[in-house]
Each structure stands twice: as C-alpha cells, then as structure tokens.
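Remarks on the structure that follows.
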Amino acid sequence: MIDLSGKRALITGGSRGIGAAIAEALAENGADVAFTYQHSVEKAEAVAKNIESRGRRAVAIQADSADPSAIARAVEKAVSALGGLDILVNSAAIGHAGTIADLDVEEYQAVMDVNVRAPVLFAKAVIPHLQEGGRIITIGSALGERVPFPGITPYAMSKAALTSFTRGLSRELGPKGITVNLVQPGATDTDANPADGAAADFQRSLTSLGRYGEPREIANAVAFLASPAASVITGATLTADGGAIA
C-alpha cells in the first residue's frame with residue numbers, strides 16, 4: 001500500500017506531462033505538493049486545482065530550471081509554504097534534436113543545464129531540509145542506456161549522467177536514511193512525444209509491449225519509490241519503458 005499521508009513533496013516541471021501526473025499521483029496518495037513550472041500558467045493552475053480537489057495543499061512556483069538562483073528561490077518557497085520537505089522529484093527536462101556534427105553549442109548547454117545541473121542544484125538545496133525517510137527521485141530516460149537512432153546524442157548523454165548522480169548521491173545520503181533513485185521512462189504519451197506523432201510507430205516497434213506508456217504509469221512508479229514500501233531501495237534504476245531496452 002502506498003501511503004504518503006503527511007509527506008511534503010516538490011516536483012520540478014510539474015505543470016504538464018509526466019511531471020503533472022507525478023504531482024497528482026503523490027497528492028492522491030496523501031502528500032501535499034509544491035511544483036515548479038516555467039511558462040504553462042494555465043496548466044499549472046489546473047494541476048493545482050486537481051491537487052486541492054483531493055484535499056491536499058498545492059503550491060505552483062514559477063521557476064526556470066536553467067537559472068541557479070531561481071532553483072534556490074523555488075526550494076525556499078516550497079519549504080516556506082509546506083513547512084518543510086520530505087520528497088524531491090526532479091522531472092523537468094528539455095531536448096533538442098540534431099547530430100554532433102551540426103551541434104549548436106548554446107542548445108547543447110541548455111540541455112545540460114536543465115537535465116543535469118538542475119537536478120544536482122535542486123538536490124543540494126533540498127538536502128538540508130530532508131530527514132530520515134526522505135526521498136530524492138529523478139526522472140531519467142531509457143535513452144540514457146540505449147540510443148536506437150541518431151540525432152539525440154546530447155539528450156541521451158544528459159540522461160545517462162543521472163545514473164551516476166543517483167548512485168553517488170545514494171552513498172552520500174544513505175547514512176541519513178534518505179533514499180535516492182532513478183526512474184527511466186521510455187516512449188510516453190505526452191505533448192513532447194505524442195503517441196500519434198510522426199515517429200510513434202517506430203518507437204512502439206522497439207518495445208516488448210508494442211505501445212506507449214501513459215504518464216500515470218510513470219507516476220505510479222514514482223509514488224511507490226516515494227513511499228515507505230520502498231524503504232530499502234536506493235541507488236537503483238527503475239526502467240519503465242515497455243521493454244524497449246530488454
């Protein structure tokens with residue numbers, strides 16, 4: 001049974017897609033939730049209303065995950081609004097398609113700033129507030145382990161880095177009773193990669209199940225790792241990709 005009653009969570013990139021599903025799943029299981037968003041004001045308001053409809057507190061925080069000062073402010077706002085934090089979920093991410101030969105250095109740096117540096121800085125800011133039983137969960141990608149087509153190398157690199165981040169941080173925080181884990185989705189039906197997109201049939205063909213995942217399915221994995229039921233799991237990678245890298 002997943003019971004997050006009394007827990008306080010911060011989700012980055014929580015206004016849409018997988019992040020929004022995670023925010024709502026944690027609230028459904030009893031957590032109060034703060035989440036960041038960058039541009040999607042209306043979507044952020046809708047997620048907040050869904051959380052509040054479950055009787056939980058919701059705090060939407062505008063923050064650019066590429067801005068270190070914005071990250072620090074977001075954590076301060078979440079802690080102030082919720083009275084502390086127990087769970088951090090690093091979900092915010094961006095991607096740019098293109099080959100290394102045609103690499104745009106600024107786009108590459110933006111991917112690394114949001115996908116790698118931001119999880120590190122959010123964790124750094126949240127750690128002082130976590131007690132025993134705290135959780136840090138990061139959303140990676142199955143592309144961090146397998147790159148089945150060209151044009152996504154920087155994105156795959158950024159997601160691969162999260163494996164070492166998760167393992168190393170689990171060693172640092174294990175003595176404090178705080179777990180650190182990584183969830184790796186495969187093709188998931190979101191605005192960024194819709195199940196009816198141009199490359200959707202190819203992505204489905206890579207999986208054992210022959211289908212896309214749903215954001216809620218990824219959120220369920222996160223809710224489990226955030227719960228007391230996963231208390232001995234740390235430094236681990238949970239791949240939820242329908243068997244794409246099987």
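Small disclaimer: the values here were computed from a predicted structure and weren't measured. Residue numbers count from 1 along this sequence.
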- Task: Could I get the full list of salt bridge (Lys or Arg N to Asp or Glu O under 4.0 Å) partners for Arg16, not counting sequence neighbours?
- Result: none

- Message: Restricting to salt bridge (Lys or Arg N to Asp or Glu O under 4.0 Å), what partner residues turn up for Asp191, sequence neighbours left out?
- Response: Lys43

- Residue pairs passing the ring-ring contact (aromatic ring centres under 6.0 Å, His included) test where at least one lies in residues 169-220, sequence neighbours excluded: Phe149-Phe202

- Does any pair with a residue in residues 93-127 pass ring-ring contact (aromatic ring centres under 6.0 Å, His included), and if so which ones, sequence neighbours excluded? none

- Pairs where residues 74-87 contributes a residue and the test side chain to side chain donor-acceptor pair (under 3.5 Å) is met, not counting sequence neighbours: Arg8-Asp86

- Task: Sorted by first residue and then second, give each side chain to side chain donor-acceptor pair (under 3.5 Å) pair with at least one member in residues 227-246; sequence neighbours left out.
- Result: Gln184-Thr239

For a quick test of reading the model, state the closest non-hydrogen atom pair linking [X] to [Y] and the distance between them.
X: Asn29; Y: Ala223; value: ND2-CB, 4.2 Å
X: Pro154; Y: Gly98; value: CD-O, 4.3 Å
X: Pro194; Y: Ala192; value: CD-C, 3.7 Å
X: Ser158; Y: Tyr155; value: OG-O, 2.6 Å
X: Ile136; Y: Ala123; value: CD1-CB, 4.2 Å
X: Gly140; Y: Leu162; value: CA-CD1, 3.9 Å

Just by modelled atom types, is the [Y] backbone N or O under 3.5 Å from a matching donor or acceptor in the [X] side chain?
X: Ser170; Y: Gly168; result: no
X: Arg117; Y: Ala66; result: yes
X: Arg204; Y: Ala195; result: yes
X: Arg171; Y: Arg167; result: no
X: Thr36; Y: Gln62; result: no

- Any chance you could lay out the side chain to side chain contact (heavy atoms under 4.5 Å, CB included) test for Leu4 and Ile2, step after step, and finish with the verdict? CA-CA 7 Å; Leu4 301 176; Ile2 296 175; 4.2 Å; yes

Donor-acceptor contacts under 3.5 Å from residues 124-133 side chains, at least two apart:
none

- residues 212-226 vs salt bridge (charged side-chain N to carboxylate O under 4.0 Å, His left out), sequence neighbours excluded, gives Glu28-Arg216, Arg211-Glu217

Restricting to side-chain hydrogen bond (donor to acceptor under 3.5 Å, both in side chains), what partner residues turn up for [X], sequence neighbours left out?
X: Glu172; value: none
X: Asp32; value: Arg56, Arg57
X: Ser91; value: none

Could you state whether [X] and [Y] fall into the same hydrophobic cluster, counting links through intermediate Ile, Leu, Val, Met, Phe, Trp or Tyr residues with side-chain heavy atoms under 4.5 angstrom apart?
X: Ile233; Y: Ile22; value: yes
X: Val33; Y: Leu82; value: no
X: Leu85; Y: Ile11; value: no
X: Leu173; Y: Leu182; value: yes
X: Val232; Y: Ile87; value: yes

- Item | Close side-chain approach of Met112 and Gln109, heavy atoms under 4.5 Å | yes

- Side chain to side chain, Ile51 and Phe35, heavy atoms closer than 4.5 Å: yes

Rounded to the nearest 0.5 Å, how far does [atom2] of [Y] lie from [atom1] of [X]?
X: Ile71; Y: Leu121; atom1: CD1; atom2: CG; value: 4.5 Å
X: Arg146; Y: Ile245; atom1: CZ; atom2: CD1; value: 8.5 Å
X: Glu145; Y: Thr163; atom1: CD; atom2: OG1; value: 6.0 Å
X: Asp201; Y: Leu206; atom1: CG; atom2: CG; value: 11.0 Å
X: Ser15; Y: Glu45; atom1: OG; atom2: CD; value: 11.0 Å
X: Leu88; Y: Thr138; atom1: CG; atom2: OG1; value: 6.5 Å

- Message: Under the criterion side chain to side chain contact (heavy atoms under 4.5 Å, CB included), I'd like the reasoning laid out for Val222 against Ile18: C-alpha separation, chi angles, the key distance, then a yes or no.
- Response: CA-CA 10 Å; Val222 173; Ile18 292 172; over 6 Å; no

- Message: Could you go through Val183 and Ile137, starting from their C-alpha distance and side-chain angles, then the distance that decides it, and tell me whether this counts as side chain to side chain contact (heavy atoms under 4.5 Å, CB included)?
- Response: CA-CA 7 Å; Val183 175; Ile137 302 161; 4.1 Å; yes

- Quick one: name the residues clustered hydrophobically with Val114, using the 4.5 Å side-chain heavy-atom rule over I, L, V, M, F, W, Y, and just say none if it's on its own. Ile94, Val111

- Output, in order, the C-alpha distance, side-chain angles, deciding distance and verdict of side chain to side chain contact (heavy atoms under 4.5 Å, CB included) for Val89 and Leu26. CA-CA 10 Å; Val89 182; Leu26 298 190; 4.3 Å; yes

